[in-house]
Visitor: 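Please find one structure pasted underneath; my questions will follow.
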There are 2 protein chains.
Amino acid sequence: MGCSLKDIAEDLKLSKTTVSWVLSGNGNRRNISIETQELVKKRAREMNYEPNLLAKSLSKGITHTLGLIIPSISDLFYAQIAKAIELEAWKNNFSVIFCSSESDPQKEFDLIRMLKQKQVDGLIIAPTKKNDNQIKQLIVEKYPFVLFDRYYPNLNTNYVIINNEESAYNVVKRVIAEGRRKIAIITTNSYLLLMKMRYNGYKKALEEAGIKVDENLLIEVNVTDYENELNKVLYELLSHYPDIDGFFFTTHILAIETIKYLYKHFDNVTKRFGFACMHEEPLLHVLAPNLKIARMPVQEIGQMAASILIEEITMKQEGIIKESEKVGIVLKSTIIE
Amino acid sequence: MGCSLKDIAEDLKLSKTTVSWVLSGNGNRRNISIETQELVKKRAREMNYEPNLLAKSLSKGITHTLGLIIPSISDLFYAQIAKAIELEAWKNNFSVIFCSSESDPQKEFDLIRMLKQKQVDGLIIAPTKKNDNQIKQLIVEKYPFVLFDRYYPNLNTNYVIINNEESAYNVVKRVIAEGRRKIAIITTNSYLLLMKMRYNGYKKALEEAGIKVDENLLIEVNVTDYENELNKVLYELLSHYPDIDGFFFTTHILAIETIKYLYKHFDNVTKRFGFACMHEEPLLHVLAPNLKIARMPVQEIGQMAASILIEEITMKQEGIIKESEKVGIVLKSTIIE
DNA sequence: ATGAAAGCGCTAACAG
DNA sequence: CTGTTAGCGCTTTCAT
């Protein structure tokens with residue numbers, strides 16, 4: 001169906017080389033006569049020629065494709081970042097294969113492997129695992145990649161994260177400033193460093209205000225089943241400690257579910273409770289106007305991650321090996337109240 | 001870095017052919033001795049062999065990659081469908097390159113072209129254009145693809161859509177049943193067939209209830225700038241027709257923005273107005289408990305689209321050409337009140 | 001039971 | 001200015 005370089009060459013009684021030069025835009029640099037160039041281009045158009053990028057990639061050793069691995073593309077936070085990544089990639093003539101790891105280490109492993117086999121030029125990963133040999137392996141192989149959202153502080157990698165501790169601190173501080181004293185923290189995946197940091201921020205804010213940190217007000221739920229789990233856990237929490245007057249949510253998903261729950265079971269929700277959460281969700285602020293939000297700079301996260309990666313790929317491609325000059329970026333959230 | 005078939009073959013003093021047979025799992029079928037098979041596999045493991053899928057694809061003519069083109073991956077509706085597509089693809093050993101067209105016909109065009117050049121085995125598209133030559137071209141070329149969300153009724157293609165008219169009708173009917181009589185419709189992209197269908201459903205519900213359809217209550221906004229536009233337009237609408245007592249939104253985005261606006265400018269929003277909208281958004285229902293929703297079967301849409309496409313690709317691959325036996329699927333929404 | 005060789009569609013060093 | 005040739009890594013027909 002599709003015609004190839006060879007077809008054009010034969011048709012024109014030229015060599016594949018010549019045709020290749022002009023069609024890949026190197027006609028002038030290679031001193032192909034203008035007439036020949038025009039001829040080839042014209043014929044290519046007539047024959048509806050489309051280059052086979054697969055063949056080109058195999059030959060040149062670059063696919064102009066990135067691999068993106070995130071917990072789930074249907075999570076708005078990651079979807080927004082994915083969008084920014086895609087845009088930046090498109091600007092640079094890259095496309096992206098997107099993969100949801102489902103927070104499953106095994107699937108993450110398989111995905112990375114598959115993407116490497118498909119010869120993507122680089123990876124952007126929000127890793128799920130605590131300590132990862134595969135990541136170390138990537139480093140050893142000098143495979144270009146950048147981590148975001150989560151990272152490994154003791155590994156020398158590119159990464160883009162946000163100021164988690166500070167954000168949490170700022171937002172909880174504002175809830176305290178409203179006069180709330182008994183603030184519960186709802187969290188998940190606490191084995192992740194970023195969650196620890198958010199907890200630390202929460203703690204710091206309380207301590208600074210002279211409030212004792214109460215372990216009983218720390219609630220952790222399992223992400224995979226939070227809808228059910230939260231209902232149960234919140235019920236217990238609020239019956240044992242009916243004087244709770246505030247919540248800090250370490251993710252927007254937890255905020256959504258909890259506020260839903262509260263609306264179902266309490267009146268005057270926003271009078272009774274103060275709220276703080278990480279990441280903005282469109283309607284949350286309407287529902288709880290007193291909510292303090294640390295808004296994530298999603299565009300920047302995606303844009304930075306992609307451009308850092310593409311930069312590294314390009315360098316590598318051109319043989320410029322700037323050994324171990326990895327870039328780590330910490331972006332700031334915006335506090336909304 | 002990575003080693004190839006050839007390396008293993010040389011190392012083992014075997015031919016590439018033999019190594020290829022066993023590593024691609026065809027050892028038995030090709031009568032390679034068990035010992036040789038074990039030997040090869042062992043050595044491959046030791047040498048950390050990973051197949052180059054690019055080369056394999058070029059050779060076999062199948063990439064096991066799909067292209068997905070949607071208006072925007074950061075739109076929750078599309079993100080959910082994308083997730084379902086990805087899952088179904090993964091099950092069948094396919095991966096997917098995702099592309100946001102930004103509702104820009106030119107970008108859509110370029111994306112389809114690029115994906116074809118990258119030799120994706122098939123496309124899943126939520127097309128933006130009214131009438132599309134490129135789509136017709138795909139048909140001529142027998143390029144596997146499936147449309148969803150939007151489609152071209154006069155073209156013989158695979159498609160997966162929902163019962164737009166009926167959904168709109170059902171949901172508006174319920175608002176009327178609550179006693180609302182002056183129901184405005186907020187819509188966008190009315191050139192799209194699916195929007196026309198939703199409008200028809202709205203109209204049908206009104207007419208059936210003996211309510212005159214008032215053109216002045218039909219508001220269309222431009223998606224690309226709806227935040228600003230909506231504010232202005234709603235202000236005017238509500239000053240001219242202060243007795244409006246209900247809204248039907250043809251997309252969840254419009255619902256979100258409008259309800260935000262209403263909460264800012266009115267008290268007793270849910271007493272004063274009845275609401276109906278297409279597609280579910282988590283918090284909307286909490287904010288407006290009287291909202292009638294036509295919930296889209298996002299999982300099914302994605303799952304169906306992907307499996308239809310993969311089915312067709314597989315058929316084509318195996319040379320089974322079931323000429324023009326395209327499948328069109330109309331899924332039903334679920335009404336929530 | 002295994003291998004030689006051509007081919008997928010493109011690039012690029014080298015020749016002339 | 002243009003062509004020859006080998007090669008990217010894998011598959012597959014046809015020999016042996």
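Both backbone and side-chain heavy atoms feed into the values below; hydrogens, waters and symmetry mates do not. Numbered from 1 within each chain, the chains take letters A, B, ... in sequence-line order.
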Visitor: So, Asp110(B) and Gln106(B): side-chain donor and acceptor under 3.5 Å apart, yes or no?
Guide: yes
Visitor: When you compare the protein's N or O atoms with those of nucleotides 7-9 of chain D, which come within less than 3.5 Å of each other, and at what distance?
Guide:
| unit_1 | atom_1 | unit_2 | atom_2 | d |
| --- | --- | --- | --- | --- |
| dG7(D) | N2 | Ser59(A) | OG | 3.4 |
| dG9(D) | N2 | Ala55(B) | O | 3.4 |

Visitor: Five pairs at each end of the helix from dA1(C)-dT16(D) to dG16(C)-dC1(D): take the axis at both ends and give me the angle between them to 10°.
Guide: 50°
Visitor: Where does the angle between the aromatic ring planes of Phe98(B) and Phe98(A) fall among parallel (under 30°), tilted (30 to 60°) and perpendicular (over 60°)?
Guide: tilted
Visitor: Reading DNA chain C in the 5' to 3' direction, which nucleotide is the first one with an atom under 4.0 Å from a heavy atom of chain A, and which is the last?
Guide: dG9(C) to dA13(C)
Visitor: Counting only heavy atoms and a strict 4.0 angstrom limit, can you tell me which residues of residues 19-27 of chain B come near DNA chain C?
Guide: none
Visitor: Contact class for Leu53(A) vs. all strands (heavy atom < 4.0 Å): base, sugar-phosphate, or nothing?
Guide: nothing
Visitor: With side chains defined as the heavy atoms from C-beta onward, is the minimum distance between Leu39(A) and Arg43(A) less than 4.5 Å?
Guide: no
Visitor: Would you give the length of the straight line joining atom CD of Glu325(B) to atom CG of Asn156(B), rounded to the nearest 0.5 angstrom?
Guide: 10.0 Å
Visitor: If the condition is side-chain contact (heavy atoms from CB on, under 4.5 Å), which residues does Ser74(B) pass it with, not counting sequence neighbours?
Guide: Gln80(A), Lys83(A), Ser72(B)
Visitor: Would you name the heavy atoms of Gly67(A) and Leu115(A) that are closest together and state the gap between them?
Guide: CA-CD1, 3.9 Å
Visitor: Listed by chain and number, what are the side-chain hydrogen bond (donor to acceptor under 3.5 Å, both in side chains) partners of Ser33(A), not counting sequence neighbours?
Guide: Thr36(A)
Visitor: By a strict heavy-atom criterion of less than 4.0 Å, which residues belonging to residues 30-39 of chain B are in contact with DNA chain D?
Guide: none
Visitor: Please list, chain by chain and in numerical order, all residues satisfying side-chain contact (heavy atoms from CB on, under 4.5 Å) with Ile62(B), sequence neighbours excluded.
Guide: Lys60(B), His64(B), Asp121(B), Ile313(B), Gln317(B)
Visitor: Run the side-chain contact (heavy atoms from CB on, under 4.5 Å) test against Lys116(A) and tell me which residues pass, sequence neighbours left out.
Guide: Ile112(A), Leu138(A), Glu141(A), Tyr143(A)
Visitor: Do Leu193(B) and Tyr151(B) make a side-chain contact, defined as non-hydrogen atoms from C-beta onward lying under 4.5 Å apart?
Guide: yes
Visitor: Ser15(B): what forms a side-chain hydrogen bond (donor to acceptor under 3.5 Å, both in side chains) with it, not counting sequence neighbours?
Guide: Thr18(B)
Visitor: Can you list everything that forms a side-chain contact (heavy atoms from CB on, under 4.5 Å) with Glu318(A)? Sequence neighbours excluded, please.
Guide: Thr314(A), Met315(A), Ile320(A)
Visitor: Verify the distance criterion only: is there a donor paired with an acceptor across the side chains of Thr65(A) and Lys118(A) at less than 3.5 Å?
Guide: no
Visitor: For the residue pair Ile70(B) and Phe148(B), establish whether any side-chain heavy-atom pair is separated by less than 4.5 Å.
Guide: yes
Visitor: By the ring-ring contact (aromatic ring centres under 6.0 Å, His included) test, which pairs, at least two apart or in different chains, include something from residues 25-55 of chain A?
Guide: none
